[in-house]
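The block underneath contains the structure these notes are about, expressed in structure tokens.
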Amino acid sequence: MTVEEIRDLARGLPRSSEHIIRDRLKFRVGRIVYLAFSRDETTMGFGFPKEERAALVAAEPHKFFLPGPVDMRYHWVEAWLAALAPDEARELVIDAWRMCVPKKVSAAYSGR
């Protein structure tokens, strides 16, 4: 999946808004960032449960890696875009978004 395809997906999610912050494309729900791309658009950071991220990275280190030390306090993981299958990237983005919206909004989303 390309950055543009992921961008289209994220733009269509309820309450999601696109921002350029320090020359990086990011998506937020309110003030919470749930998706961000590196400046060179080779990596994607996304919201992910802290307690599960070490297992994700250990299971597929060719796809996923931990954020830098400053971001370890957040529910966050990074991935190499080229290593992600389209369905996998879509699922990661939607799951990250679901972590930020009210359960009522999440439940109403049909996955169009």
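The analysis underlying the following values was restricted to heavy atoms, covering all of them including side chains, and did not include hydrogens, waters or symmetry mates.
- Within the 4.5 Å cutoff, the side chain of Phe37 has heavy atoms near those of the Ile6 side chain.
- The stretch residues 44-56 participates, sequence neighbours left out, in no side-chain hydrogen bond (donor to acceptor under 3.5 Å, both in side chains) pair at all.
- With values rounded to the nearest 0.5 angstrom, Met44 atom CE is found 11.5 Å from Phe27 atom CZ.
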Begin from the C-alpha positions of Val93 and Phe46 and carry the test side chain to side chain contact (heavy atoms under 4.5 Å, CB included) through to its verdict. CA-CA 7 Å; Val93 170; Phe46 54 95; 6.0 Å; no
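- The two residues Trp97 and Pro14 make their nearest non-hydrogen contact at NE1-O, 2.8 Å.
- Note that CZ of Arg98 and CG of Leu13 are 8.5 Å apart. Values are rounded to the nearest 0.5 Å.
- Not a single side chain to side chain donor-acceptor pair (under 3.5 Å) links Arg15 to another residue, sequence neighbours left out.
- Here the straight-line distance linking atom SG of Cys100 with atom NE2 of His75 works out to 10.0 Å at 0.5 Å rounding.
- With side-chain heavy atoms closer than 4.5 Å counting as contact, directly or through intermediates, the hydrophobic cluster containing Val33 also holds Tyr74, Trp76.
- Listed by chain and residue number, Arg11 satisfy the side chain to side chain donor-acceptor pair (under 3.5 Å) test with Asp8 (two or more places apart in sequence, or in another chain).
- Within the 3.5 Å criterion, the main-chain N or O of Thr43 finds a donor-acceptor partner in the side chain of Ser38.
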Determine, stepwise, if the pair Leu81 / Val3 fulfils side chain to side chain contact (heavy atoms under 4.5 Å, CB included). CA-CA 8 Å; Leu81 271 175; Val3 170; 3.5 Å; yes
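- Under a hydrophobic clustering in which Ile, Leu, Val, Met, Phe, Trp and Tyr are joined whenever their side-chain heavy atoms come within less than 4.5 Å, directly or via other members, Ile21 and Tyr34 fall into different clusters.
- Judged as a side chain to side chain donor-acceptor pair (under 3.5 Å), and not counting sequence neighbours, Asp23 has no contacts.
- Ser16 places no side-chain N or O within donor-acceptor distance of the main-chain N or O of Val29, the cut-off being under 3.5 Å.
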All N/O donor-acceptor pairs, side-chain side in residues 55-73, below 3.5 Å, sequence neighbours left out:
{"residue": "Glu60", "atom": "OE2", "partner": "Lys63", "partner atom": "NZ", "Å": "3.2"}
{"residue": "Lys63", "atom": "NZ", "partner": "Glu88", "partner atom": "OE1", "Å": "2.9"}
{"residue": "Lys63", "atom": "NZ", "partner": "Glu88", "partner atom": "OE2", "Å": "3.1"}

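- The distance from the CG atom of Leu35 to the NE2 atom of His19 is 11.5 Å, given to the nearest 0.5 Å.
- Separating the CD1 atom in Ile94 from the CE atom in Met99 is a distance of 14.5 Å, to the nearest 0.5 Å.
- No continuous path of hydrophobic side-chain contacts links Leu84 to Trp80 [ILVMFWY only; heavy atoms under 4.5 Å].
- To the nearest 0.5 Å, the span separating CD1 on Ile32 from NZ on Lys26 amounts to 14.0 Å.
- Between the Arg28 side chain and the Ser17 main chain, no donor and acceptor come within less than 3.5 Å of each other.
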